[in-house]
Protein chains: 2
Amino acid sequence: MKNSQLYKGSLNTIIMKLLEENGKMYGYEITQKVKAITSGELNITEGALYPALHKLEAEGILDVEMEKVDNRMRKYYKLTEKGTTETVNRLSELEDFIRNMQSLVNPSPKLEF
Amino acid sequence: MKNSQLYKGSLNTIIMKLLEENGKMYGYEITQKVKAITSGELNITEGALYPALHKLEAEGILDVEMEKVDNRMRKYYKLTEKGTTETVNRLSELEDFIRNMQSLVNPSPKLEF
DNA sequence: GTATTATGTATAAGATTCTTATGTATATTT
DNA sequence: AAATATACATAAGAATCTTATACATAATAC
């Protein structure tokens, strides 16, 4: 996704947070939501997304539910109980990560008078 | 480094920022500096650090300079001209990344009255 | 006095995550 | 009729990191 390696490792957290927020979503919907929220800056590729969803399902983080809409198949994903708990941890880790990165690149905050 | 995949992809940016700030540093010094700044939360492993330094050197981002201190060898790294330019870009990418991640996980900022 | 920890660099095997390319299929727009 | 949007899937390879191992000197602990 995108021309920056920084996003590597953040996809699972993004998926889980969106599902926590929206109840249930299908793959394509996730890609569009992410694109919209980031003003087109972050584009999740299918090659990254679908294997990630399958893995989260295999780990018991997500439940899946098929639905046929407009003659097309949709796989809706939602957080399991375990997944909901795990999401809290992931978001906490993300906060720590962002805080640490800001400490590293912003050693002396500019004081304004 | 650490028990979170989120840091994956951020090592180069961290190295470059520290070198921009401190002029020149050697590998072990970088690991200690990062540990100190993050209060022990982020530990750069040698297996990640040294290959990263070698690659940045091969890409012309870093210059190396050997120095013998206390009968031990040290390899001091510093940014090249190209590396200095590249650092500006990386830090800009990091800002975008952090902003995007905050948008994704913080959709409705809590208003306080 | 010797064993551990700290300092210092290095590589190699394997895991994880992602990119890029490809495949299939239907609906809509040009 | 062709291209784009919607929808899911996988496979090969790249990039990054973990874990383990290796070597070497200095300082500290027992």
Side-chain angles (χ1 to χ4, degrees), chain A residues 1-16 24-36 40 42-59 61-62 64-77 90 93-94 97 100-101, chain B residues 1-16 24-36 40 42-59 61-62 64-77 90 93-94 97 100-101:
Chain A
M1 35 180 166
K2 222 213 164 185
N3 192 25
S4 172
Q5 296 281 18
L6 292 169
Y7 294 91
K8 192 162 271 191
S10 61
L11 181 55
N12 287 343
T13 304
I14 292 172
I15 292 171
M16 289 161 74
K24 66 173 187 175
M25 298 179 82
Y26 56 100
Y28 187 75
E29 186 184 9
I30 292 175
T31 67
Q32 300 308 302
K33 191 81 173 177
V34 168
K35 195 187 291 190
L42 180 51
N43 289 292
I44 310 279
T45 58
E46 307 100 311
L49 179 66
Y50 293 113
L53 288 172
H54 301 162
K55 195 177 181 218
L56 288 172
E57 187 192 351
E59 289 169 353
I61 307 285
L62 301 185
V64 71
E65 192 186 315
M66 306 291 283
E67 208 170 307
K68 201 167 189 176
V69 181
D70 280 333
N71 214 35
R72 273 200 236 87
M73 222 44 191
R74 282 186 190 168
K75 283 181 79 174
Y76 278 96
Y77 290 91
R90 298 296 186 97
E93 278 178 15
L94 179 59
F97 167 65
N100 282 329
M101 289 304 291
Chain B
M1 33 179 167
K2 223 212 164 187
N3 192 24
S4 171
Q5 296 281 18
L6 291 170
Y7 293 92
K8 192 164 271 190
S10 62
L11 180 55
N12 287 342
T13 303
I14 293 172
I15 292 171
M16 289 162 73
K24 65 173 190 178
M25 298 180 83
Y26 56 100
Y28 186 74
E29 186 184 11
I30 292 175
T31 66
Q32 299 310 300
K33 190 80 174 180
V34 168
K35 196 186 289 188
L42 180 51
N43 290 292
I44 310 279
T45 59
E46 307 99 314
L49 178 66
Y50 292 112
L53 288 172
H54 300 162
K55 196 178 178 215
L56 289 172
E57 187 192 351
E59 289 170 352
I61 306 285
L62 301 185
V64 71
E65 191 186 316
M66 305 291 283
E67 207 170 307
K68 202 167 189 176
V69 181
D70 279 335
N71 214 36
R72 272 200 238 87
M73 221 46 192
R74 279 186 190 166
K75 283 181 78 174
Y76 277 97
Y77 290 91
R90 298 295 185 100
E93 278 179 15
L94 179 59
F97 167 65
N100 282 329
M101 290 305 291

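Proteins get letters first, then strands, A, B, ... in listed order; numbering begins at 1 in each. Reckoned from all heavy atoms, side chains included, excluding hydrogens, waters and symmetry mates.
Note that the NZ atom of Lys55(A) and the CG atom of Leu11(A) stand 11.0 Å from one another [nearest 0.5 Å]. To the nearest 0.5 angstrom, Asn100(B) atom CG is 11.0 Å from Leu6(A) atom CG. In this structure, His54(A) NE2 and Tyr77(A) OH are separated by 4.0 Å, a value rounded to the nearest 0.5 Å. Here OG1 of Thr13(B) is found 7.0 Å from CD of Glu93(B). Values are rounded to the nearest 0.5 Å. Atom-to-atom distance recorded for Leu62(B):CG and Asn12(B):CG is 8.5 Å, nearest 0.5 angstrom.
Distance Phe97(B) CZ to dC18(C) P: 11 Å, rounded to the nearest Å. One can place CZ of Arg74(A) at 17 Å from P of dA5(D), the figure rounded to the nearest angstrom. Met25(B) has its CE atom 14 Å from the C1' atom of dG8(C), to the nearest Å. The CG-P distance, from Leu6(A) to dC18(C), rounds to 12 Å in whole Å. Across the protein-nucleic acid pair, Asn12(B) atom CG and dT16(D) atom C1' stand 9 Å apart, rounded to whole Å. What separates CG of Leu53(B) from P of dT11(C) is a distance of 11 Å, to the nearest Å. What separates CD1 of Ile15(B) from C1' of dC17(D) is a distance of 12 Å, to the nearest Å. If you measure from atom CD1 of Ile44(B) to atom P of dT7(C), you get 16 Å, rounded to the nearest angstrom.
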Where do N or O atoms of nucleotides 13-16 of chain C meet protein N or O atoms at under 3.5 Å, pair by pair?
{"from": "dT16(C)", "atom 1": "O3'", "to": "Gln5(B)", "atom 2": "NE2", "distance (Å)": "3.1"}
{"from": "dT16(C)", "atom 1": "O2", "to": "Lys8(B)", "atom 2": "NZ", "distance (Å)": "3.4"}

Any N/O pairs under 3.5 Å between the protein and nucleotides 21-25 of chain D? List them or say none.
{"from": "dT25(D)", "atom 1": "O2", "to": "Arg72(B)", "atom 2": "NE", "distance (Å)": "3.3"}

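Counting only heavy atoms from C-beta outward, the side chains of Ile15(A) and Ile44(A) never approach each other to under 4.5 Å. The closest side-chain heavy-atom distance from Arg74(B) to Lys68(B) is not below 4.5 Å. The shortest distance between side-chain heavy atoms of Ser10(B) and Phe97(B) does not fall below 4.5 Å.
Along DNA chain C, the nucleotide nearest Val69(B) and the nucleotide nearest Leu49(A) are compared for position; the residue whose nucleotide lies closer to the 5' end is Val69(B). Looking at which nucleotide of DNA chain D each of Pro51(A) and Met73(A) is closest to, the 5′-most match is held by Met73(A).
The shortest non-hydrogen separation linking Pro51(A) to Glu46(A) is CD-O, 3.6 Å.
For Lys75(B), a side-chain nitrogen or oxygen approaches OP1 or OP2 of dA10(C) to under 4.0 Å. Side-chain N/O atoms of Tyr50(B) include none lying less than 4.0 angstrom from OP1 or OP2 on dT11(C).
Side-chain proximity of His54(A) to the nucleotides dT10(D), dT6(D), dA10(C) is greatest for dT10(D).
Partners of Glu57(B) by salt bridge (Lys or Arg N to Asp or Glu O under 4.0 Å), not counting sequence neighbours: none found. For the salt bridge (Lys or Arg N to Asp or Glu O under 4.0 Å) test, residues two or more places apart in sequence or in another chain that qualify with Glu67(B) are Lys24(B).
Only at 4.0 angstrom or more do the heavy atoms of residues 29-36 of chain B sit from any atom of DNA chain D, so none qualifies.
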Indicate every side-chain donor-acceptor pair of residues 27-36 of chain A with a distance under 3.5 Å to a residue at least two apart or in another chain.
{"from": "Glu29(A)", "atom 1": "OE1", "to": "Tyr26(A)", "atom 2": "N", "distance (Å)": "3.2"}
{"from": "Thr31(A)", "atom 1": "OG1", "to": "Tyr28(A)", "atom 2": "O", "distance (Å)": "2.6"}

